[in-house]
Amino acid sequence: MAVLINEQIRAAEVELTGLKGEKLGTVSRDKALSMARAAGADLVCTSLMSSPPPCSLVAKGTGKAAAQAARKGTASRPQGGGGSSEKVKELRFTAYIEEHDYDTKLRQADKHLRSGKPVQLVVKSSGAKEAAAAKAVLERLVADLKEAGSKASGLQTSGKGAQVRMNPLTK
């Protein structure tokens with residue numbers, strides 16, 4: 001996405017938004033630039049798809065940061081630990097898992113859920129013959145982990161396996 005700042009904007013007219021988000025209407029590019037200079041701000045245009053292009057006045061110096069953030073696609077992403085952007089621990093199983101391996105992975109999943117982290121449980125199978133066994137392993141895992149977490153999605157099955165995401169229970 002192209003973001004233009006101040007003199008980079010070439011349109012004759014722009015749809016202007018003020019520093020506080022107020023709509024200032026359609027004005028000439030030169031008038032918008034002079035208003036930006038008078039307010040000690042930058043004129044930033046984020047979309048060239050409409051005519052006239054929407055531009056807004058932003059605090060001096062933050063125009064370049066907003067442009068870089070928009071280029072990276074992080075413009076409206078909240079900072080800090082957001083719930084959905086949290087890293088999900090993926091635990092992989094096989095359709096015919098040994099009992100002690102199952103217990104070890106179950107403890108890992110339980111530990112992650114109790115510490116407040118979501119877990120993605122994936123059971124790989126080598127074909128349609130093992131699909132029923134893979135689904136059975138997942139159903140057993142969900143039942144064993146019901147005190148620590150809840151299903152965020154239903155059991156998702158495909159030709160090569162099955163998976164489910166579990167979120168920790170809120171206290």
Side-chain angles (χ1 to χ4, degrees), residues 1-5 17-23 41-42 44-50 53-171:
M1 167 174 22
V3 178
L4 302 177
I5 303 170
T17 304
L19 282 167
K20 295 182 178 84
E22 68 277 10
K23 299 285 184 199
D42 285 328
V44 178
C45 177
T46 56
S47 174
L48 303 173
M49 294 299 160
S50 58
C55 295
S56 51
L57 297 174
V58 295
K60 192 79 166 170
T62 59
K64 195 165 196 169
Q68 289 170 343
R71 278 194 197 110
K72 291 180 185 173
T74 58
S76 62
R77 191 175 297 164
Q79 296 297 316
S84 62
S85 65
E86 189 173 332
K87 196 120 174 126
V88 178
K89 178 68 174 174
E90 182 177 296
L91 294 172
R92 294 183 177 192
F93 299 81
T94 58
Y96 298 109
I97 189 168
E98 296 281 331
E99 194 60 36
H100 65 279
D101 292 336
Y102 176 87
D103 292 338
T104 301
K105 297 269 189 164
L106 180 67
R107 275 197 310 273
Q108 287 178 350
D110 187 64
K111 182 176 86 174
H112 278 283
L113 287 169
R114 290 189 190 277
S115 69
K117 297 179 183 138
V119 176
Q120 180 85 17
L121 304 171
V122 179
V123 181
K124 297 288 183 189
S125 60
S126 60
K129 293 178 184 173
E130 292 183 5
K135 189 173 181 186
V137 169
L138 267 187
E139 289 171 346
R140 181 178 169 199
L141 280 165
V142 169
D144 290 345
L145 291 170
K146 71 176 179 260
E147 292 175 14
S150 62
K151 288 193 296 185
S153 63
L155 296 178
Q156 299 166 347
T157 56
S158 65
K160 291 282 182 180
Q163 64 182 354
V164 66
R165 179 178 168 158
M166 295 195 66
N167 287 336
L169 291 176
T170 54
K171 294 181 171 125

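Keep in mind that the numbers below use all heavy atoms, side chains included, and drop hydrogens, waters and symmetry copies. Just so you know, residue 1 is the first one in the sequence shown, and it goes up from there.
Using modelled atom types, one side-chain atom of E22 and one backbone atom of K20 make a donor-acceptor pair closer than 3.5 Å. In this structure a side-chain-to-backbone donor-acceptor pair under 3.5 Å is missing from S150 to K146.
Stacking of R107 on the aromatic ring of Y102 is not recorded, the 6.0 Å distance cut-off and the 45° axial limit not both being met. In this structure, K124 fails the cation-pi test against F93, since its NZ or CZ atom is not both closer than 6.0 Å to the six-membered ring centre and inside 45 degrees of the ring normal.
In terms of heavy atoms, D42 sits closest to A59 at OD2-O, 4.1 Å. The nearest pair of heavy atoms linking L113 to N167 is CD2-C, 3.8 Å. Across all non-hydrogen atoms, the minimal contact from A95 to A134 is CB-N, 3.9 Å. Minimum heavy-atom separation, A109 to L145: CB-CD1, 3.8 Å. Heavy-atom minimum distance, V137 versus T94: CG2-O, 4.3 Å.
Within 6.0 Å of the NZ atom in K135, the count of heavy atoms belonging to other residues, nucleotides or ligands does not exceed 12.
We find the CD1-SG distance between I5 and C45 to be 10.5 Å, quoted to the nearest 0.5 Å. We find the CG-CZ distance between L155 and R165 to be 15.0 Å, quoted to the nearest 0.5 Å. Rounded to the nearest 0.5 angstrom, D101 CG and L106 CG are separated by 12.5 Å.
L91 places none of its side-chain heavy atoms less than 4.5 Å from the side chain of V122. Under the 4.5 Å side-chain criterion, counting only non-hydrogen atoms from C-beta, Q163 is in contact with Q120.
In this view, E90 and R92 satisfy the salt bridge (Lys or Arg N to Asp or Glu O under 4.0 Å) rule, not counting sequence neighbours. Remark: D103 pairs with no residue by the side chain to side chain donor-acceptor pair (under 3.5 Å) rule, at least two apart or across chains.
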Side chain to side chain contact (heavy atoms under 4.5 Å, CB included), that's the test. Do M166 and L121 meet it? Break it down for me. CA-CA 8 Å; M166 295 195 66; L121 304 171; 3.8 Å; yes

Run the numbers on D144 and L141 for side chain to side chain contact (heavy atoms under 4.5 Å, CB included), then give the verdict. CA-CA 5 Å; D144 290 345; L141 280 165; 5.8 Å; no

Let's go through R140 and E99 carefully: what are the C-alpha distance in whole Å and the side-chain angles of both, what is the deciding distance for salt bridge (charged side-chain N to carboxylate O under 4.0 Å, His left out) to 0.1 Å, and is it a yes or a no? CA-CA 12 Å; R140 181 178 169 199; E99 194 60 36; 2.6 Å; yes

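Between D110 and the choices Q108, R114, H112, the side chain to side chain donor-acceptor pair (under 3.5 Å) rule is met once, by R114.
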